[in-house]
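For the numbers below, each heavy atom of this structure counts, side chains included, while hydrogens, waters and symmetry mates do not. Read the numbers this way: they start at 1 and go in the same order the structure lists the ligands and their atoms.
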Amino acid sequence: MELLNRLQLLWARLGVALVLFGMPLDVFAAVEKETGLDMPRDVSLDGHRITWLINITMWFLLILFVLMVAWMAVAMFKHDESHPAQYDHGDAGKQIAVAMTISGVIFLVVDGNLYINAMKDLDEVFWNFKEIDSNPDTVRIEINAHQWAWDMRYAGPDGQWNTADDVVTLNDMRIPVDRPILIQLTSSDVIHAFNVPNARVKTDAVPGTVNPLWFQISEVGEYDIACAEHCGSFHYKMKGLMTVLSQEDYEAWLEESSHQSALAYNPDDADSHWGWPWKEL
Ligand SMILES: [Cu+2]
């Protein structure tokens with residue numbers, strides 16, 4: 001017992017030390033420093049829908065939490081030696097009816113609200129891939145996740161994948177501002193998850209499957225790409241950079257990179273041709 005107590009104390013002290021010394025080391029430094037307790041700054045067209053969902057869920061939870069704690073506090077202060085609590089099993093017809101009614105109202109109001117709004121957003125925005133894919137403005141990128149990095153591929157001027165003019169980058173995604181970005185995502189080893197906190201998007205990269213996701217960024221700048229699925233020892237290092245450029249800068253970068261790729265292209269290097277024909281969505 002003595003040993004157990006000591007271990008617990010050590011564990012608690014270690015936790016405090018990590019918090020105290022870990023923070024100044026900027027272990028979790030973002031590309032653009034985020035401050036305060038809020039979520040990362042939303043710089044996307046539709047991220048506000050996810051922010052709303054997170055916030056309203058927090059409010060509902062807070063209301064229920066306060067109600068339940070208040071209820072318990074009343075019971076605690078009301079009952080002492082002079083006024084003992086009366087125990088029952090809550091199985092009287094009236095008690096069951098009251099419990100069912102309260103649960104039903106909470107379920108319909110809270111879960112109904114969240115469900116309807118979430119499905120509407122998925123339908124009209126986040127999973128609206130057909131419309132995004134047919135938009136001539138859309139930028140298409142193929143991403144292959146692997147332990148522990150992101151390979152990214154742009155089709156280049158010919159619009160064909162796995163050809164000499166493809167632009168292939170490592171952990172380095174360049175995109176134009178104010179244009180829809182449509183990604184097809186897979187993995188060559190374990191499950192990873194492509195996550196851009198500043199756009200509130202996150203999709204699993206699953207071996208043998210191609211998953212789509214899309215978003216649009218409204219501010220030029222640099223943002224983090226993170227892996228949001230524990231994928232092995234160096235999961236925490238699986239970080240990419242998303243650079244959002246003006247239309248002109250993006251075009252200049254794409255043209256130059258495509259030119260460089262064509263020079264370095266080796267048709268016999270089968271490993272480097274991991275791209276796939278763009279999938280119908
Ligand atoms: Cu990963």
Do the side-chain N and O atoms of [X] and [Y] include a donor-acceptor pair separated by under 3.5 angstrom?
| X | Y | result |
| --- | --- | --- |
| D165 | T163 | yes |
| H146 | D151 | yes |
| R200 | T51 | yes |
| W274 | N162 | no |

Presence of N, O or S from [X] under 2.8 Å of the Cu ion (ligand 1):
| X | result |
| --- | --- |
| C227 | yes |
| M238 | yes |
| H230 | no |

Looking only at N, O or S atoms in H192, which is nearest to the Cu ion (ligand 1)? ND1
